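Quick caveat: nothing in here was measured; it's all calculated off a predicted structure. Note that ligands are numbered from 1 as they come in the structure, with each ligand's atoms numbered from 1 the same way.
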Amino acid sequence: MTAPIGIFDSGYGGLTILREIRRRLPQYDYLYLGDNARAPYGARSFDIVYDFTLQAVRRLFDSGCRLVILACNTASAKALRSIQQRNLPAIDPSRRVLGVIIPTVEALGSISRTKHVGVVATPGTILSHSYRIETAKLYPEMKVAEVAAPMWVPLIENGEANGDGADYFVKKYCDEVLAADPLIDTLLLGCTHYPILLPKIRRYMPERVKIVPQGRLVAESLADYLDRHPEMAELCSKEGHTEFLTTEATDKFDRLASIFLDSEVNSTRITLQ
Ligand code: DGL
């Protein structure tokens, strides 16, 4: 039996990843799960993010998914390794859960010339230092300035990304990155929500700084993974459909998700526990 590829995020942010994955791999089916009722995850403790993420992964497995992408940096930073090492062997060792941090870091080597990179992300991702740690493994010469932007996700989750009020907080964290390392030539958006703020971030970053959202990098890495694992690709259904699950009210999800994806969304409400 084939099944869709599961895509999980704390809320709407993973839709920026789904959008690029669907563009790159339109033939597959996807089951998106947003834990909107409990988002944001960004400031939550390690244990809570791990518990919530494991519940979501189990739910996607129950729906048949054999491959699940944690399209959330906070979940990738705080829960991925434990799920892969502790839970998957017991649940079903043939299933896979992949994150967004390593594919993003891998791409940095060919993007930055100065080897000075800024990363903005949620407090949880920044405190885990996952970007700095993974970058040091692959590119020891690269300097990574990590800055937490705790106000960006709440602005987006509340539909204020294009409002005038957002400018204050976009400028604030852009200034903090530039103060942390004035030599950066690349700003990595280490949170799947942040591409929604891209036009404003562009306004407050010098022109020489490339702003890098993760969607395409993750999509490319997934395409590569499926090429290298034809046995997994065969188990993923291919009718070009996407279904959406949310833990919050569906009307709000459908309205905001349609804006993120530029197409109509009809979600189903579920409870995670
Ligand atoms: N979109 C998630 C990420 O990439 C985090 C948003 C949240 O704080 O829930 O980190």
Quick one: is the NZ or CZ of Arg86 closer than 6.0 Å to the six-membered ring centre of Tyr50, and within 45° of its axis?
yes

Closer than 4.0 angstrom, basic N to acidic O: yes or no for Asp185 and Arg208?
no

Anything with a heavy atom under 4.0 Å from ligand 1 counts, so go ahead and list those protein residues by chain and number.
Asp9, Ser10, Pro40, Tyr41, Gly42, Cys72, Asn73, Thr74, Thr122, Val153, Cys191, Thr192, His193

Output field: ring centroids Trp152/Phe169 closer than 6.0 Å
no

So, Phe8 versus Tyr32, ring centres under 6.0 angstrom or not?
no

According to the side chain to side chain donor-acceptor pair (under 3.5 Å) rule, which pairs have a member within residues 54-65, sequence neighbours left out?
Arg38-Gln55, Arg59-Ser63

For the residue pair Gln214 / Asn73, report whether a side-chain donor-acceptor contact shorter than 3.5 Å exists.
yes

